[in-house]
Amino acid sequence: MSMRPARTTSLRRMMAVQLVSAAAVLATVLIFLFQSFSRQIAEESQDNVLLASATSILESISARDGALSVDIPYAALSMLGSISDDRVFYRVDFGQETLTGYGDLPRATDLPNASGFTTVEYKGADTRIVSATRNLSVDGQSRSVIVSVGQTQEGLAERLRELFWTAILIGAGFFAFSAGLALWASSRVFRPLSALATSVSRRGPNDLRPFLKPAPEEMLPLVAALNGFTERLSRSLSRSEDFITEAAHRVRTPLATVRTQAEVLFRRIERDENRHAMREMIRAVDESSRAAGQLLDQAMVTLRTDALDRSDVDLAECLRDVVERFRAVADLRDIDLRMDLEPEIHIRADPILIQNAVTNLLDNAIKYAPMETEVSVSMHRDDKRIAITISDQGRGFDEDSEADLFARFVRGAASSGTVGSGLGLTIANEVFTAHGGAVELTNNLEGPGACVIAYLPA
Amino acid sequence: MHVWGNKAQQCFNGGKFADMRFLLIEDNEQLAKAIRDRLGLDGHIVDHAPNLDEAKHYINTSEFDLVLLDIMLPDGDGRTLLSYVRAAKMDTPVIVLTARSEVSDRVSILDLGADDYLTKPFDFSELEARVRAVLRRRGGGTATVQTIGDIKFNRMAGTLILAGGPVELRNKELRLFEVFADNPNMIFSKPKLVDRLFSYEEDVSENAIEVYVARLRKHLAGSRVSITTLRGSGYRLSVS
């Protein structure tokens with residue numbers, strides 16, 4: 001029943017993988033950006049403090065009586081110390097002469113492309129140095145005073161390490177969030193597709209209406225193609241229904257002519273062997289028309305059971321119609337047709353199918369029952385199920401042949417000499433199975449004869 | 001002014017399946033001819049209309065005991081005639097002959113007022129049985145009772161009324177007695193009686209006739225009516 005094409009990569013997985021990789025790339029970029037930005041901010045703030053410190057030292061230098069006096073304010077160095085435990089160095093130069101501080105501390109102004117700031121290794125540690133300059137005149141000579149303040153960068157490095165972990169944490173969070181979003185989105189994007197698939201598979205094989213539910217733009221070509229396909233299918237189905245009706249008409253009318261002419265001839269024939277031949281001919285016509293009728297029934301039943309058209313059925317009334325229809329035929333063979341139908345039983349079923357199935361069962365029963373016997377149709381319900389029993393007083397079924405009887409064209413042992421195509425039980429079985437029931441073949445408990453019980457869920 | 005319905009109300013030919021007037025509406029000429037010949041064998045008169053138009057003409061100008069109507073006709077659907085007949089309040093029985101076998105089709109045929117239907121090809125003994133059933137349903141209690149010697153025969157009810165009271169006849173017994181009652185003093189051979197009583201589906205030996213004759217004789221015992229055996233030629237109903 002379920003044929004599947006080979007599976008290629010899942011679109012949903014493809015989309016999810018792409019979105020998650022994009023999220024990973026974005027998260028990495030985010031980490032780098034955050035890190036460089038935070039390094040820049042940290043460095044700038046160190047630079048600002050260093051510059052402020054250098055400037056305040058510079059401003060504390062004064063020339064008095066031809067001599068320079070340097071009074072380094074406490075705040076100038078404490079503002080640096082308050083930031084971290086880094087070591088602080090300073091140096092004050094007046095021209096070529098170092099007035100105070102570490103004479104070997106590099107000055108930022110000495111270095112090429114000097115901008116006032118530099119980072120050098122000093123006393124075994126990376127040190128950020130700022131140099132600020134101011135001109136002072138002493139004894140009529142104007143010379144520049146250079147104040148350099150340096151601070152090791154261990155505190156900065158420490159802070160940057162902390163910030164690095166923060167960046168990683170933020171990046172990971174971003175990744176987790178956007179990956180989740182990606183998975184959700186990819187499953188959501190394909191939801192209309194699986195909705196369409198569900199609505200297609202939920203339909204019966206004969207439900208060939210076009211799909212008109214709104215669909216996303218990208219799916220419209222698929223839906224249109226599907227609708228085109230179902231339309232072609234429905235055209236071909238209705239063609240085959242027309243064909244069946246037409247075929248029935250074309251076959252049955254000439255058969256009727258042959259049969260009628262044969263009856264007329266039969267009456268006129270005197271010789272025994274000719275009468276025998278004519279009788280055989282009439283039977284052959286009956287057999288072929290029965291076969292045609294049952295094949296058409298079978299085709300109709302198969303078509304209808306695929307998509308059960310259930311309505312409210314008064315079961316007793318439905319069965320009574322069928323039984324009354326057989327009264328004339330039963331009378332012909334002096335068969336007493338008995339009915340015992342429990343009233344007020346309503347079920348949801350396809351009445352046309354139920355009538356067809358019971359017609360086939362009853363037709364069998366009346367055909368195989370000996371003349372002047374009784375055929376009874378009863379219908380009763382218990383808490384679990386409804387049983388429709390059709391019993392006759394014929395030969396009954398052979399014990400081991402019951403399963404075979406359902407197979408198409410197999411006829412029971414009782415049938416030799418009686419016209420029939422053997423499809424009747426197959427049809428009935430198909431109908432009751434489709435309604436959630438079953439057909440059971442047994443023999444009567446008391447007395448001879450077959451007993452067919454069709455069950456329906458109560 | 002048509003008088004179609006009136007005859008039907010009178011007595012339906014007394015429930016006798018002979019000398020009835022049929023209107024056959026069927027477009028297939030060969031089938032129509034065959035049906036005419038076959039019904040003619042039973043002593044019926046058949047008028048044939050090949051289309052709806054002629055059928056309406058017949059219906060409006062003549063009286064019929066029964067209409068046999070085909071569904072697929074060249075100038076329309078036979079069901080429209082059914083509606084036409086029922087709308088005009090004519091109550092002549094109509095039996096539909098259909099080439100289709102779908103149950104849904106049959107249901108709509110009955111809903112439109114057909115008395116019964118048969119699927120082509122059909123067995124004439126089944127047609128006869130259905131015609132009888134339809135006439136019995138329509139005729140109700142207005143059946144005529146035939147008097148033979150000192151007994152009465154009610155074919156509608158299927159009873160013989162003897163001095164000792166009514167006797168119910170089974171279907172085959174009734175058919176057999178009917179054959180004799182329709183043609184008193186006529187001799188019927190066993191093969192002829194088998195033809196009249198049994199359909200072709202059944203393998204019946206001519207001895208079966210002896211069984212039914214014996215039963216009828218048992219029913220008739222004590223009356224002046226009897227079935228006599230004429231060695232070598234058959235049976236005859238006689239009144240002493």
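Predicted, not measured: the structure shown is a model, and the values here were computed from it. Proteins get letters first, then strands, A, B, ... in listed order; numbering begins at 1 in each.
Stacking of B/Arg38 on the aromatic ring of A/Phe266 is not recorded, the 6.0 Å distance cut-off and the 45° axial limit not both being met.
In this model, no donor atom of one side chain and acceptor atom of the other lie less than 3.5 Å apart for B/Gln30 and A/Gln261.
For A/Glu280, no part lies under 4.5 angstrom from a heavy atom of chain B. For A/Arg259, the part lying under 4.5 angstrom from a heavy atom of chain B is the side chain only. B/Lys192 touches chain A through its side chain: at least one heavy atom from C-beta onward sits under 4.5 Å away, while N, CA, C and O do not. A/Arg333 touches chain B through backbone and side chain together, each having a heavy atom under 4.5 Å away. Using a 4.5 Å cut-off between heavy atoms, A/Ile282 contacts chain B through its side chain alone, with no backbone atom that close. For a residue to count as touching a neighbouring chain, one of its non-hydrogen atoms must lie under 4.5 Å from one of that chain's; by this rule A/Met278 does not touch chain B. Both the backbone and the side chain of B/Asp37 come within contact range of chain A, each with at least one heavy atom under 4.5 Å from a heavy atom of that chain.
Closest non-hydrogen pair, A/Ser289 versus A/Arg252, comes out as O-NH2, 4.1 Å.
Looking only at distances, no side-chain donor or acceptor of A/Asp350 sits under 3.5 Å from a matching main-chain atom of A/Arg310.
Under 4.0 Å is where a charged nitrogen must lie from a carboxylate oxygen, and between A/Arg320 and A/Glu317 no such pair does. Ionic pairing of B/Arg175 and A/Asp331 is not present here: no N-O contact between side-chain nitrogen and carboxylate oxygen is shorter than 4.0 angstrom. For the pair B/Arg130 and B/Glu126, the salt-bridge criterion is met [side-chain N within less than 4.0 Å of a carboxylate O].
Ranked by heavy-atom pairs under 4.5 Å with chain B, the first of A/Asp334, A/Thr253, A/Leu255 is A/Asp334. In terms of heavy-atom pairs under 4.5 Å with chain B, the best-connected choice from A/Arg327, A/Glu270, A/Arg275, A/Arg268 is A/Arg275. With chain B as the partner, the residue from A/Arg267, A/Arg279, A/Met371 showing the most heavy-atom pairs under 4.5 Å is A/Arg267. Counting heavy-atom pairs closer than 4.5 Å to chain A, the top-ranked of the candidates B/Ser125, B/Gly40, B/Ala133, B/Ala32 is B/Ser125.
Aromatic ring orientation, B/Phe188 versus B/Phe180: perpendicular (interplanar angle above 60°, classes split at 30° and 60°).
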